[in-house]
There are 2 protein chains.
Amino acid sequence: MIEGRPVRVCVDVAGGDHAPTEILAGVMSASSAEQELDIILTGPEDIVVPFAAERERVTAHPTTEVILMDEHPASAVRSKKDSSIVVGCRLVREGAADAFFSAGSTGACMAAGTLMMGRIAGVARPAIATVIPTTASPTVLLDVGANADCKPEHLLAFAHMGRAYAETVLEITGPTVGLLNIGEEPTKGSTLAIEAHALMTTGVSRFCGNIEGRDILTGAVDVIVTDGFTGNVALKLLEGTSRTLLAQVKEAMTSSPLNRMAAAVLAPSLKALKKRLDPDTYGGAPLLGVNGVCIIGHGSSNASAVAAGIGVAARAARADLPSRIAAAVDPATS
Amino acid sequence: MIEGRPVRVCVDVAGGDHAPTEILAGVMSASSAEQELDIILTGPEDIVVPFAAERERVTAHPTTEVILMDEHPASAVRSKKDSSIVVGCRLVREGAADAFFSAGSTGACMAAGTLMMGRIAGVARPAIATVIPTTASPTVLLDVGANADCKPEHLLAFAHMGRAYAETVLEITGPTVGLLNIGEEPTKGSTLAIEAHALMTTGVSRFCGNIEGRDILTGAVDVIVTDGFTGNVALKLLEGTSRTLLAQVKEAMTSSPLNRMAAAVLAPSLKALKKRLDPDTYGGAPLLGVNGVCIIGHGSSNASAVAAGIGVAARAARADLPSRIAAAVDPATS
């Protein structure tokens, strides 16, 4: 797909809690880290045009509308055709960009990505994946919210898509797959999980069977498959627990002057730990199953999260993630 | 129900990873903490008889069978009529005991409790609840595994049962209820969650609407309702995350001689935090919706967890939890 030319990542400067400042700072950081990277900015003209004018390898594509976080995603995408998100996804479909990154409304990115880029043949339901930093190597968890109600065959496709992502973007050879369930035996769990287990046993390479909630952080498998309801609850619980626990550790460590002195000694080590556990390290959540690369950043993304997300978008485009997913979902197409 | 006499808690000495040693140590601890408590022990004769002979207010009820952790719960309960779990539940039904505690197979306790004690009128599906230590007051989460597939009306009943438990055992006045979901708006989530939200809006006192995974640990509500699949994944993820994070904090704190000195200063504060976050503080998971008190301890329960579980069983029996649940589920019966 991309040979002998820079990869072109379109970035939405209007999306996210810290837009446009942190988005633009992230663009600068990503741009200086990689020579073979061209950036196309969608967003308000008064922001994108002056910024692009002063920089090489950054071009502006002004848009007149913005989709807000609290708008109904599907109707906003239908009505705001000139929004930074819809236009960004359209540029990818038209071949004017190789990938799209936004820290805006997840629902809008999902709707625009699906509508504009189209679904890959054999994918009934695109899914959102996230990369979880574990004690071992990172783990891909999907779906984390695109599909609240799922059928067993959707979970089977998620397994294929998750493996393709782990192989192309995380560069894991022969990734293993687990099904999130509430017991280890194949007969345990909900009807959905039991039926998905049966499909995955015959249909997925390196399927390791069921894994439980306690194994999500241990890196037991490279890809964890679940429905979008369970996955979203799990992801938010994980974020909430980490935040709460680290805050309580901090509180305990600063509860007396002596404790504070000891805490100062430990600060660098704990800071390194916090950084290692930071999901932003892996740069945003890919929308898998659409005919293009679409990476969705956390709403709270700062410059380094944005830069990481742009990096992931570039890597996924260079590795031609959509073709890899198409081949994984339907091996006959490869 | 219980007036002018000690409460009688039946304890299974054969269940749990550390049975019988830690179970018996827990019995001694619970027994010395409360005067108005009689203990009945079910389990192998050579263990329960000599132990009871040497102690006041402890009687032995020897049983000849044991249900193992890996047995199929329902069939084990049907075939092993003289097991410590089945007999314990039977003693409660017959009025020979006021409550039952076991750290054995959760599935077997659930099956035996339901089969022996029977369901409360209006409860289609008994549920397992757990009490989560939050940054504010403790929160009741249910169902955490009894029902992998749920209907909206089951979740409605869980809300009533969870409130009754919070009121009687945790002594929370007018407990608030939240529905675990993947968005705040009533229209968000799975079909199950959307329909349950509608039922709970009209049918549950102090219903606060949807809460998300990140709010589980913040004590946003007193009772969190979810299906047994999501609840079990959430509970195990919570346990796994706490364990992993605290282990990583410990590792970071002992990575150099200087760090280890600082860590020694902080050890008491961090130990207190760990104890505060320990779910064993709240002593086991009640099986709600059956006609009797049945408290299920974690398989890994040590003596203090067993003592806490026995304490909860005694409190629930004194407060006549089953009648309170019956009244909550069907106010006409009260």
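In what follows, every heavy atom counts, from backbone to side chain, and hydrogens, waters and symmetry copies are set aside. Order of the sequence lines fixes the chain letters, A, B, ..., with proteins taken first and strands second; residue numbering starts at 1 for each chain.
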Any pair counted as side-chain hydrogen bond (donor to acceptor under 3.5 Å, both in side chains), so long as it reaches residues 224-236 of chain B, sequence neighbours left out: A:Glu212-B:Lys236, B:Asp227-B:Thr230, B:Asn232-B:Lys236
Portion of [X] that has a non-hydrogen atom of chain A nearer than 4.5 angstrom:
| X | value |
| --- | --- |
| B:Ser256 | neither |
| B:Thr244 | side chain |
| B:Leu235 | neither |

Straight-line distance of A:Ile296 CD1 to A:Met110 CE, nearest 0.5 Å: 8.0 Å
From NE2 (B:His72) to CG (B:Asp70), nearest 0.5 Å: 12.0 Å
Which heavy atom of [X] sits nearest a heavy atom of [Y], and at what distance?
| X | Y | result |
| --- | --- | --- |
| A:Ile67 | A:Ala76 | CG2-CB, 3.8 Å |
| B:Leu141 | B:Gly231 | CD2-O, 4.2 Å |
| A:Ala159 | A:Val204 | CB-CG2, 3.7 Å |
| B:Pro126 | B:Asn147 | O-ND2, 2.9 Å |
| B:Met161 | B:Arg125 | CE-O, 4.0 Å |
| B:Val77 | B:Ala108 | CG2-O, 3.5 Å |

Chi angles and distances behind the side-chain contact (heavy atoms from CB on, under 4.5 Å) call for B:Leu142, B:Val225: CA-CA 5 Å; B:Leu142 80 167; B:Val225 170; 4.3 Å; yes
For A:Met69, all residues meeting side-chain contact (heavy atoms from CB on, under 4.5 Å), sequence neighbours excluded: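 By the side-chain contact (heavy atoms from CB on, under 4.5 Å) rule, A:Met69 matches A:Asp17, A:Ser105.
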Proximal to chain A - members of residues 187-198 of chain B, heavy-atom separation under 4.5 Å: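 Heavy-atom contacts from residues 187-198 of chain B to chain A are B:Gly189, B:Ser190, B:Thr191, B:Ala193.
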Closest-packed option against chain B by number of heavy-atom pairs under 4.5 Å, given A:Ala148, A:Gly213, A:Cys150: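 Of the options given, most contacts go to A:Gly213.
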Top residue by heavy-atom pair count (under 4.5 Å) with chain A, among [options]?
| options | answer |
| --- | --- |
| B:Leu258, B:Leu245, B:Asp215 | B:Leu245 |
| B:Ser269, B:Gly240, B:Ala263 | B:Ser269 |
| B:Leu217, B:Val233, B:Leu237 | B:Leu237 |
| B:Ala264, B:Ser242, B:Pro268 | B:Ser242 |
| B:Leu246, B:Thr241, B:Thr218 | B:Thr241 |

Side-chain donor or acceptor of A:Asp143 paired with backbone N/O of A:Gly145 under 3.5 Å: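 Judged by distance alone, yes, a pair lies under 3.5 Å.
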Donor-acceptor contact below 3.5 Å, side chain B:Ser137 vs main chain B:Gly219: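 No, the answer is negative, given that no donor and acceptor are paired below the 3.5 Å cut-off.
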Pairwise side-chain contact, B:Thr254 with B:Arg260, heavy-atom cut-off 4.5 Å (strictly under):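 B:Thr254 reaches B:Arg260 side chain to side chain.
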Contact check, side chains of B:Asp222 and B:Val140, non-hydrogen atoms, under 4.5 Å: no
Contacts of residues 176-186 of chain A with chain B (heavy atom under 4.5 Å):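 Contacts with chain B: A:Leu180, A:Asn181, A:Ile182.
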Heavy-atom contact with chain B under 4.5 Å, split by part of A:Ser255: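 Interface part for A:Ser255: side chain.
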Contact class of A:Ile216 relative to chain B, heavy atoms under 4.5 angstrom: side chain
